[in-house]
Amino acid sequence: MMDYPFQDIEKKWQKIWQERKIAKAKDFSDKPKYYVLSMFPYPSGVLHIGHASNYSIGDAITRLKMMEGYNVMQPMGYDSFGMPAENYAITHNSHPRITTEANIANMRKQFDGMGFFLDWDREVSTCRPDYYHWGQYIFKKMYEKGLVYRKKSYQNWCEQCNTVLANEQVEEGSCWRCGSEVIQKELEQWYFRITDYAEELLDFSKVIEWPERVITMQKNWIGKSEGATINFALEHSEHKIPIFTTRPDTIYGVTFMALPPEHPLVQQWLKEESGNSKLADFCKKVINEDKMLRSSAETVKEGVFTGRYCINPLNGDQVQIWVTNYVLMDYGTGAVMAVPAHDQRDFDFAKKYGIPMKIVIQNRDRSLKIDEMQEAYVEPGLMQNSAKFDDLDSETAKSEIISWIEKQGWGKRSITYRLRDWGISRQRYWGNPIPMIHCPNCGIVPVPDEDLPVFLPENVQVGKTTSNPLLSVPEWLNVKCPVCGGEAQRETDTMDTFVDSSWYFARYTDAHNLDQPFDPAKADYWLPVDQYIGGIEHACMHLLYARFFYKFMRDLGWIKGDEPFARLLTQGMVLKDGAKMSKSKGNTVDPQYIVDRFGADTLRVYLLFASPPEKDVEWNDEALMGAFRFLNRVYRLIEGNLDAIKKGLQFEAEVEKLSPALKELLYSSHHCTRKWREDCLTRMQYNTAIAAVMEHLNHVTAIKDTSALSNDELAVYAEACGIIPQLLYPFAPHIAEELWQMMGFEQLLHESGLPSYEEKYLVQESITYVIQVNGKIRGKLEVAPDTDHETLQSEALKVENVQRFLEGLEIKKVIVVPNKMVSIAAKANK
RNA sequence: GCGAAAGUGGCGGAAUUGGCAGACGCGCUGGACUUAGGAUCCAGUAGGUUCACUCCUGUAGGGGUUCGAGUCCCCUCUUUCGCACCA
């Protein structure tokens, strides 16, 4: 049998949709707006199966919302700056702009071949000056508001290549290109003060529907801790060392202080004591260790005593200062007051180096003895050895000790976040230049607005230089200082590509604005994004950065509202042979091949049917054929019964005149529509919506001979067939339009309205009750819908098999679950 | 290591609020048909047991709550994602 002519159909409808500009979203409309957005792709050159899957979901939502009567915008663009393009250029001796633009052109063709309703008039590509111009502008606004600063931090560095390496470019501690050892080098970097927004970023009350797990992950990522910052005076010095602790109740038990080797004081001591090779060697070693391993509980704790002491302000104790591998500079103040008796890591360390311990929190029966402790006591308890706080409950003491410390001026109550400020500097070429100028006289000066954008120079030979390529373009690098007019140099760092992707969704609302990032009125109309779709891997970084930018733009008055993404759908990956598809593994599937061979509709239906959107799907060639066969069956059904359908559409059915089979078909049409609406509109579970349509199709095709049907029956038959294109439209739009037109409807499906069902056709003539005895099914009962509980109970007890299992038992309880079951609990009668 | 999830037939999955486990599809088995097609149509398909009805077992493993648990609670195992310069 011939396959349905999917190629002709898909080409035909893609042309019609384009000509009628259906995907073009209108700014300001009488209809309510709906903004559907899938995370934009990195333009690798070809659409892969993951893209097809992701965008099929977005397109299904887009079409559903159009049927529902919304003014829908579904834009698309490219996250086109970044390392892969630069690396490709290095190895293939080309230029990132050339390869990137070629890739974009190719992907555009593939997008169109899938038949997505994308508003290409709003296309954004982050590597184009009309976009990155406004990224620089936003950077400047942040700088003006004091949210940008510079700070030294350690970066992966290859001495051989004289360059910073991304984490991905470090392979087991070595440079991926030359293989030499990667070290940590301190460099001056640009930072965004995202921690200023930490508290607000913890608040998710303004989003409408986000997966709970993403919210939890972000909250944990931000990691709020309440405690105190307390200053310990350095002995024989004016210097104070601030520490942060969440356990001020243990402060009388401090027996040493732990500093990370990166701590500024340690670095200062290293300079002062150039002869202390033991400390220097230790610091060098630890700084180059993997931070993940350092923070692991199982890593062997190591340290070096500095020979210095500080003073515990509360009791005047002299406290040894150690440099250790298990404390990180990134959290709190870096310095940790170590209480070995009540912190496991401090305990391990103190045991190893023979540092004294002191119990300051006793358990309830006061049985803790320092010589017998095998592990730290970390639970709350009663205060001990803590001067005037003795015998207090430790939880109460926490707050009282902080108040005492504040009163004495030794420190203050404080909150620390695990979240760190966002380092945005990249020493790379293919990114958005940071619009700053270094002037020997005036210091660091922003590029004036009228000189924006700072164009990324094109005549750069990537790969010819090892350090930042921008240093090798003197005509770009050397500028006049905008303040004093003297000789100055541009900043050569470019921005993290996450900066580009933190506001692109706002640019889509006004993609071609030459005077500002976007017109606030248009942004106000379209934002927030009603439905955002993307991978779970972005839970903590991209999604957090975008929320931060949104709140910042709100504070500038550019936009209203607090959250960029009202609803979030985190979709799963398409796997093959249990692993993520990748070129290196050789387990890729080319969506273009599938489209050419079986059509975009088949691919879309397969991807949406394979699993609910948020789960991973295992690619399966044979299951793909199942989707293809399904569409063929639909096509054959409608094409083969066209006359009967067209005739039936002219009649209204009288239910009483229907045969039992047609009554069932009527029920199926309405039942299926109800299920479909619930799955599509409420649950966003398209796999079961498609399953419902398949089930309905099975019911329709069960009727073989339409010539025997009466006019009433033909009406039911025609309706049953007629709803199929509508139900299929969000998933397989081309074939749906074709069949819809074939049946004689003139409007296109996006304006056909949502299919609806009538409750009156869903009333069941009888209900089957399941009868359980002690939790096991022992019988069934067919009754009228409104049978009362007493009748149900007595009828249930009459069922033969039920009686068999009740023999010799005494009935303790009978539970009736309306419309579902009768459950009998019985016990042996002694 | 830390944080977050997931685990159901041969496979993808369904079971929406604690109420008939396995919808729908793939695969497989048997049959029909034939223009021999990546066809189509019909029947069957969790495992065990039985001629059959029935019954027993079964949702990673172990324990618990309940008349009733894939679903709730505790423990264990495995897999996946993220961990701040991949995007």
Side-chain angles (χ1 to χ4, degrees), chain A residues 1-3 39 41-42 44 79 81-84 155-156 164-170 189 211-214 216-221 223 291-299 330 418-428 496-498 501 535-542 544 570 572-573 575 578 580 597-598 606 609-612 614-630 632-633 636 678-679 682-683 685 687-688 690-695 698 701 704 768-777 780 801 804 812-815 817 820-821 823-826:
Chain A
M1 204 163 292
M2 288 268 289
D3 295 334
M39 291 179 186
Y42 173 78
S44 60
D79 190 13
F81 271 139
M83 224 172 44
Q155 306 298 327
N156 301 319
V164 173
L165 295 176
N167 289 340
E168 204 186 49
Q169 298 173 310
V170 180
Q189 302 277 289
E212 206 48 52
R213 69 163 159 159
V214 176
T216 309
M217 278 168 153
Q218 276 201 17
K219 283 184 177 171
N220 291 337
W221 180 264
K291 279 188 185 146
M292 222 129 89
L293 286 177
R294 267 171 73 184
S295 58
S296 161
E298 269 151 41
T299 301
D330 298 324
R418 207 188 69 97
L419 179 69
R420 307 201 293 265
D421 277 336
W422 176 9
I424 59 145
S425 280
R426 299 292 181 269
Q427 289 70 42
R428 268 181 258 282
D496 179 4
T497 54
F498 274 125
S501 57
I536 184 74
E537 66 271 20
H538 294 290
C540 291
M541 302 184 72
H542 163 61
L544 191 67
T570 51
M573 282 183 306
L575 308 175
K580 199 169 173 172
R597 208 59 205 281
F598 306 107
Y606 166 70
F609 179 62
S611 76
E614 64 284 349
K615 276 186 82 166
D616 291 348
V617 211
E618 173 72 27
W619 180 265
N620 181 334
D621 285 324
E622 283 162 337
L624 175 84
M625 292 312 298
F628 187 53
R629 282 200 292 263
F630 166 60
N632 270 301
R633 285 180 69 201
R636 278 202 305 273
E678 196 184 345
D679 287 345
T682 315
R683 300 211 303 157
Q685 192 171 295
N687 56 330
T688 48
I690 293 168
V693 181
M694 288 175 169
E695 229 171 329
N698 290 342
T701 52
K704 301 288 176 201
T768 307
Y769 273 79
V770 169
I771 309 162
Q772 285 189 354
V773 178
N774 287 336
K776 291 196 189 294
I777 294 156
K780 290 190 180 183
N801 202 40
R804 210 177 111 202
K812 294 285 178 194
K813 203 167 27 165
V814 180
I815 296 154
V817 183
K820 289 213 167 112
M821 65 160 44
S823 181
I824 303 161

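Order of the sequence lines fixes the chain letters, A, B, ..., with proteins taken first and strands second; residue numbering starts at 1 for each chain. Both backbone and side-chain heavy atoms feed into the values below; hydrogens, waters and symmetry mates do not.
- The CD1 atom of A:I777 sits 9 Å away from the C1' atom of B:A21 (whole-angstrom rounding).
- Atom CD in A:E537 sits 7.0 Å away from atom CE in A:M573 (nearest 0.5 Å).
- By the rule that a glycosidic angle within 90° of 0 means syn, B:G9 counts as syn.
- Taking only side-chain atoms of A:T688, from C-beta outward, the nucleotide of B:A14, B:C81, B:G25 with the closest atom is B:A14.
- One C1' atom belongs to B:A60, the other to B:G9, and the distance between them is 15 Å to the nearest Å.
- The side chain of A:E618 sits closest to B:G12 out of B:C83, B:G12, B:C86.
- One can place CG of A:D496 at 11 Å from C1' of B:C86, the figure rounded to the nearest angstrom.
- Taking side-chain N and O atoms only, A:N687 has a distance below 4.0 Å to OP1 or OP2 of B:A14.
- Comparing B:U45 with B:C53, their P atoms are spaced 11 Å from each other, to the whole Å.
- Between B:A43 and B:A36, the distance separating the two P atoms is 26 Å to the nearest Å.
- Applying the salt bridge (charged side-chain N to carboxylate O under 4.0 Å, His left out) rule to A:R683 yields the partners A:D679; only residues at least two apart in sequence or on another chain are considered.
- If you take atom P in B:A87 and the same atom in B:G7, they sit 32 Å apart, rounded to whole Å.
- Ranking B:A14, B:A87, B:U16 by closeness to the A:D79 side chain, first place goes to B:A87.
- Side-chain N/O atoms of A:Q685 and base N/O atoms of B:U16 include no donor-acceptor pair closer than 3.5 Å.
- Note that OG1 of A:T688 and CE of A:M694 are 11.5 Å apart. Values are rounded to the nearest 0.5 Å.
- Under the 3.5 Å distance criterion, the side-chain polar atoms of A:D79 are left unmatched by any main-chain donor or acceptor of A:S501.
- Between A:I536 and A:R213 there is a side-chain heavy-atom pair separated by less than 4.5 Å.
- Partner assigned to B:G1 is B:C83, using Watson-Crick or G-U wobble distances below 3.5 angstrom.
- Remark: A:T216 is not in phosphate contact with B:A4, judged by side-chain N or O atoms under 4.0 Å from OP1 or OP2.
- On the P atoms, B:U35 is 47 Å away from B:A21, given to the nearest whole Å.
- The listed nucleotides are B:A87, B:C41, B:C26; the one nearest the side chain of A:A623 is B:C26.
- The interatomic distance linking A:M217 (CE) with B:A84 (C1') rounds to 14 Å, in whole Å.
- The closest donor-acceptor contact from the side chain of A:Q772 to the backbone of A:I824 lies at 3.5 Å or more, if one exists at all.
- For B:G70, there is no paired base (Watson-Crick or G-U wobble, both distances below 3.5 Å).
- When the C1' atom of B:C41 is taken as reference, atom NZ of A:K704 falls 7 Å away, rounded to whole Å.
- Nearest nucleotide to the A:A691 side chain, out of B:A23, B:A14, B:C86: B:A23.
- Listed nucleotides: B:G12, B:A14, B:U16. Nearest to the side chain of A:R683: B:U16.
- Nucleotide B:U50: unpaired (no Watson-Crick or G-U wobble partner with both distances less than 3.5 Å).
- Using modelled atom types and a 3.5 Å distance limit, the side chains of A:N632 and A:R629 yield no donor-acceptor pair.
- Rounded to an integer number of Å, the gap from A:N620 CG to B:G13 P is 11 Å.
- Side-chain N/O atoms of A:K780 and base N/O atoms of B:C20 include a donor-acceptor pair closer than 3.5 Å.
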Every protein N/O lying under 3.5 Å from an N/O of nucleotides 67-73 of chain B:
unit_1	atom_1	unit_2	atom_2	d
B:C67	OP1	A:K813	NZ	3.4
B:C67	O2	A:S823	OG	2.5

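- As the counterpart of B:U78, B:A6 is assigned, both hydrogen-bonding distances of the Watson-Crick or G-U wobble pattern falling under 3.5 Å.
- Comparing B:C24 with B:A5, their C1' atoms sit 26 Å apart, to the nearest whole Å.
- The gap from the C1' atom of B:G70 to that of B:A15 amounts to 9 Å, rounded to the nearest Å.
- Among the nucleotides B:G13, B:U40, B:A23, the one closest to the side chain of A:P612 is B:G13.
- Using N1 to N3 plus N6-O4 or O6-N4 for Watson-Crick, or N1-O2 and O6-N3 for G-U wobble, each under 3.5 Å, B:G25 pairs with B:C11.
- When all heavy atoms of A:W619 and A:L624 are compared, the pair lying nearest together is CH2-CD1, 4.1 Å.
- The base-pairing partner of B:C33, taking Watson-Crick or G-U wobble contacts with both distances under 3.5 Å, does not exist among the strands shown.
- For the pair A:Q189 and A:G626, nearest-nucleotide mapping onto RNA chain B gives the more 5' position to A:G626.
- With both ends at atom C1', the span from B:G27 to B:U34 equals 23 Å, rounded to whole Å.
- In this structure, A:M573 atom CE and B:G82 atom P are separated by 7 Å, rounded to whole Å.
- Rounded to a whole Å, the CD atom of A:E537 is 15 Å from the P atom of B:U80.
- When the P atom of B:G3 is taken as reference, atom CG of A:L419 falls 17 Å away, rounded to whole Å.
- Side-chain atoms of A:N220 never come within 3.5 Å of backbone atoms of A:G223 as a donor-acceptor pair (strictly under, hydrogens ignored).
- You'll find that the side chain of A:R629 is closest to B:C26, out of B:C86, B:U54, B:C26.
- Side-chain atoms of A:R597 and base atoms of B:G38 include a donor and an acceptor less than 3.5 Å apart.
- Side-chain proximity of A:F609 to B:G12, B:C86, B:G13: nearest is B:G12.
- Candidate nucleotides B:G12, B:G3, B:C41 were compared by shortest atom distance to the side chain of A:R633, and B:C41 ranks first.
- Under the 3.5 Å distance criterion, the side-chain polar atoms of A:D496 are left unmatched by any main-chain donor or acceptor of A:I424.
- Here NE2 of A:H538 is found 13.5 Å from CG of A:L544. Values are rounded to the nearest 0.5 Å.
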